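For reference, the structure is listed below as structure tokens.
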Amino acid sequence: MVKFLKPGKVVLVTNGRYAGKKAVIVRAYDDGVDNRRYGHAIVAGVAKTPLRVRKAMSKKTVTKRTRVKPFLKSVNYNHIMPTRYNVDLDLKALNITPETVGNPSKRGDARREIKKVFQEKFTAGKNKWFFSKLRF
């Protein structure tokens, strides 16, 4: 069987708090690990998309409206829907593991690092589709 759920693949979360949100696979575990014996992936996604900016808005308003709020989650393969898109984010360097996702303080630190990476990509204008709200 071909493994197509690789790091960098954009997926849609279909269950839970972030249902309908876009995410990118950070790590994929096809065979599972000790406490999760099923195929799952660690995903980092966009919880709140940036808002539209107008020319007349102040700098303070623009910075506030262009913020990206990320999330970090371990998701069963049955609860994600892969898309045809890939995103070239450098999330491997963050070294996110299942222990990171399980520990609240480490998860918070990882989320802040992911926010920096997402914010850089958004301000550079790369992968506009990933940072737009999903309309359905």
Side-chain angles (χ1 to χ4, degrees):
M1 189 166 144
V2 179
K3 295 183 182 182
F4 60 94
L5 293 173
K6 296 177 184 170
K9 174 70 84 174
V10 177
V11 295
L12 302 177
V13 180
T14 58
N15 258 16
R17 179 180 179 180
Y18 299 108
K21 303 291 182 183
K22 296 174 193 169
V24 61
I25 295 178
V26 179
R27 285 214 169 163
Y29 297 96
D30 292 329
D31 301 326
V33 290
D34 293 339
N35 58 349
R36 290 177 184 260
R37 296 173 191 260
Y38 47 86
H40 64 281
I42 296 175
V43 297
V46 181
K48 186 172 177 275
T49 58
L51 300 171
R52 182 170 281 178
V53 176
R54 303 275 185 227
K55 194 185 274 188
M57 292 181 182
S58 67
K59 270 193 170 180
K60 184 180 176 184
T61 309
V62 169
T63 56
K64 202 172 198 178
R65 289 176 70 93
T66 56
R67 285 191 191 139
V68 179
K69 185 179 178 190
F71 67 87
L72 182 66
K73 192 173 171 70
S74 182
V75 185
N76 188 333
Y77 280 167
N78 294 333
H79 304 303
I80 55 178
M81 186 172 80
T83 64
R84 65 181 178 170
Y85 298 103
N86 285 312
V87 178
D88 54 333
L89 296 173
D90 190 25
L91 296 174
K92 248 185 186 167
L94 301 178
N95 199 14
I96 297 169
T97 61
E99 291 80 35
T100 308
V101 178
N103 187 345
S105 62
K106 287 183 181 178
R107 187 172 58 235
D109 295 338
R111 198 180 301 120
R112 280 185 278 283
E113 294 297 320
I114 291 167
K115 182 175 181 167
K116 288 178 189 172
V117 173
F118 279 2
Q119 200 69 45
E120 286 172 11
K121 281 288 180 185
F122 176 72
T123 52
K126 303 281 184 184
N127 307 105
K128 282 191 174 187
W129 179 81
F130 184 68
F131 295 108
S132 65
K133 194 172 185 180
L134 188 65
R135 301 285 181 185
F136 59 92

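Remember, it's a predicted structure, so these values are computed and weren't measured experimentally. By convention here, the first residue in the shown sequence is residue 1.
In this structure a side-chain-to-backbone donor-acceptor pair under 3.5 Å is present from Lys121 to Asp88. At least one donor-acceptor pair closer than 3.5 Å links the side chain of Thr14 to the backbone N or O of His79. Side chain of Lys73 to backbone of Val13: no donor-acceptor contact under 3.5 angstrom is found. No side-chain donor-acceptor contact under 3.5 Å links Arg27 to the backbone of Pro7. Thr83 contributes a side-chain N or O that, together with a main-chain N or O of Val10, makes up a donor-acceptor pair within less than 3.5 Å. Formation of a donor-acceptor pair under 3.5 Å by the Gln119 side chain with backbone atoms of Lys69 is not found in this model. Checking side-chain atoms of Lys133 against main-chain N and O of Lys21 turns up no donor-acceptor pair under 3.5 Å. With Arg107 contributing its side chain and Val101 its backbone, the two residues share a donor-acceptor pair below 3.5 Å.
At a threshold of 4.0 Å, the pair Arg112-Asp109 counts as salt-bridged, since one of the basic side-chain nitrogens sits closer than that to a carboxylate oxygen.
Between Phe118 and Phe131, the ring-plane angle classifies as perpendicular under the 30° and 60° cut-offs.
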**OP:** Check the pair Tyr77, Asp30 against side-chain hydrogen bond (donor to acceptor under 3.5 Å, both in side chains), reporting the backbone distance first and the verdict last.
**Re:** CA-CA 9 Å; Tyr77 280 167; Asp30 292 329; 2.6 Å; yes
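Cluster annotation: Trp129 and Phe122 are assigned to the same hydrophobic cluster (Ile/Leu/Val/Met/Phe/Trp/Tyr, side-chain heavy-atom contacts under 4.5 Å, transitive).
With 3.5 Å as the limit, one finds a donor-acceptor pair spanning the side chains of Lys22 and Ser132.
Atom CG of Asp31 has 12 or fewer neighbouring heavy atoms from other residues, nucleotides or ligands inside a 6.0 Å radius.
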